[in-house]
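Below: the structure, in structure tokens.
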Amino acid sequence: MSKPSVLFVCVHNAGRSQMAAAWLRHLAGDRVEVRSAGSEPAEKINPVAVAAMREVGIDLTDQVPARLTWDTAEASDVIITMGCGDACPVFPGKRYEDWKLTDPAGQPIDVVRTVRDEIHQRVATLLTTLPA
């Protein structure tokens with residue numbers, strides 16, 4: 001059996017989805033295929049998100065925002081959306097979750113830390129529901 005694949009999607013793929021993907025990689029290791037994308041990707045990762053994740057020992061500096069593609073979504077078992085609206089494709093048979101999270105864009109580090117910690121809790125819970 002192949003390992004499960006999870007796609008995290010937000011608008012800019014520069015904050016929430018990048019932090020979620022990093023948390024899942026950190027917690028799951030190679031047991032899960034992790035992807036992230038944005039409906040309108042930014043040019044670079046939010047530096048405050050990078051700083052907040054660095055505080056917990058996770059380095060986002062090598063990540064680059066990616067555009068959401070039909071193929072990426074279709075190849076994913078679980079699709080977690082975080083405010084991408086109608087730009088997120090819907091495929092029958094996929095598991096979807098929509099996480100209502102504050103957009104860290106333009107927010108101070110204290111707000112981004114709260115978002116980071118909420119994402120950590122949600123990813124830890126998600127991991128317990130994925131096939132082994």
Worksheet, complete the sentence: d(I119 CD1, D117 CG) to nearest 0.5 Å is 9.5 Å
Response to the item:
G38 and P41 have their tightest heavy-atom pair at O-CD, 3.5 Å
Worksheet item: Going by heavy atoms in the side chains, are D59 and M53 under 4.5 Å from each other?
Response: no
Fill in: pair L68-L7: side-chain heavy atoms closer than 4.5 Å
yes
Worksheet item: Short question: side chain of H12, backbone of E40 - any donor-acceptor pair under 3.5 Å?
Response: yes
Response to the item:
Looking only at heavy atoms, the pair that brings A14 and A49 closest together is O-CB, 4.2 Å
Practice prompt. Taking the side chain as every heavy atom from C-beta outward, state whether V64 and I45 have any atom pair closer than 4.5 Å.
Written response: no
Item to complete: Could I get the full list of side chain to side chain contact (heavy atoms under 4.5 Å, CB included) partners for A21, not counting sequence neighbours?
Response: F8, R25, V34, S36
Discussion item. Can you tell me how far apart CG (D98) and OG1 (T81) are? Round to the nearest 0.5 Å.
Written reply: 3.5 Å
Worksheet item: With no hydrogens and no angle check, do the side chains of T72 and T69 hold a donor and an acceptor under 3.5 Å apart?
Response: yes
Worksheet item: Can you tell me how far CH2 of W23 sits from CG of L126, rounded to the nearest 0.5 angstrom?
Response: 14.0 Å
Worksheet item: Does the side chain of L24 reach to within under 4.5 Å of the side chain of V32, using non-hydrogen atoms?
Response: yes
Discussion item. Nearest 0.5 Å, please: how far is CH2 in W99 from OG in S17?
Written reply: 11.0 Å
Discussion item. Quick test of your reading of the model: are R116 and E118 salt-bridged, counting only N-O distances below 4.0 Å?
Written reply: no
Practice prompt. To the nearest 0.5 angstrom, please state how far the CZ atom of R31 sits from the NZ atom of K3.
Written response: 11.0 Å
Worksheet item: Does some side-chain heavy atom of P4 sit less than 4.5 Å from a side-chain heavy atom of L130?
Response: yes
Worksheet item: Distance-only, no hydrogens or angles: does the D77 side chain make a donor-acceptor pair with backbone N or O of K94 under 3.5 Å?
Response: no
Fill in: Audit row: M19, V115, side-chain contact (heavy atoms from CB on, under 4.5 Å) steps and yes/no
CA-CA 9 Å; M19 288 191 286; V115 175; 3.9 Å; yes
Discussion item. When you measure from the side chain of R95 to the backbone of V78, do you find a donor-acceptor pair of N or O atoms at a distance under 3.5 Å?
Written reply: no
Item to complete: Evaluate the criterion side-chain contact (heavy atoms from CB on, under 4.5 Å) for residue pair I109 and E55; output intermediate values, then yes/no.
Response: CA-CA 11 Å; I109 189 76; E55 291 176 352; 4.2 Å; yes
Response to the item:
Tightest non-hydrogen contact, residues P104 and V112, listed as CB-CG2, 3.7 Å
Worksheet item: If you look at every heavy atom in Q107 and D103, which pair is closest and at what distance?
Response: CG-O, 3.3 Å
Worksheet item: Going by heavy atoms in the side chains, are R35 and S5 under 4.5 Å from each other?
Response: yes
Worksheet entry | P108 versus V48, closest heavy-atom pair with distance | C-CG1, 4.3 Å
Practice prompt. Specify the closest pair of heavy atoms between H120 and L27, including all atoms of both residues, with the distance to one decimal.
Written response: CD2-CD1, 3.9 Å
Practice prompt. Could you check if a side-chain atom of T61 sits within less than 4.5 angstrom of a side-chain atom of R54, using non-hydrogen atoms only?
Written response: yes
Fill in: Derivation of the side-chain contact (heavy atoms from CB on, under 4.5 Å) call for T114 and T102
CA-CA 9 Å; T114 301; T102 300; over 6 Å; no
Practice prompt. Examine distances only and state if a side-chain atom of S76 and a backbone atom of I79 form a donor-acceptor pair shorter than 3.5 Å.
Written response: no
Worksheet item: Any side-chain heavy atom of N13 sitting closer than 4.5 Å to one from Q18?
Response: yes
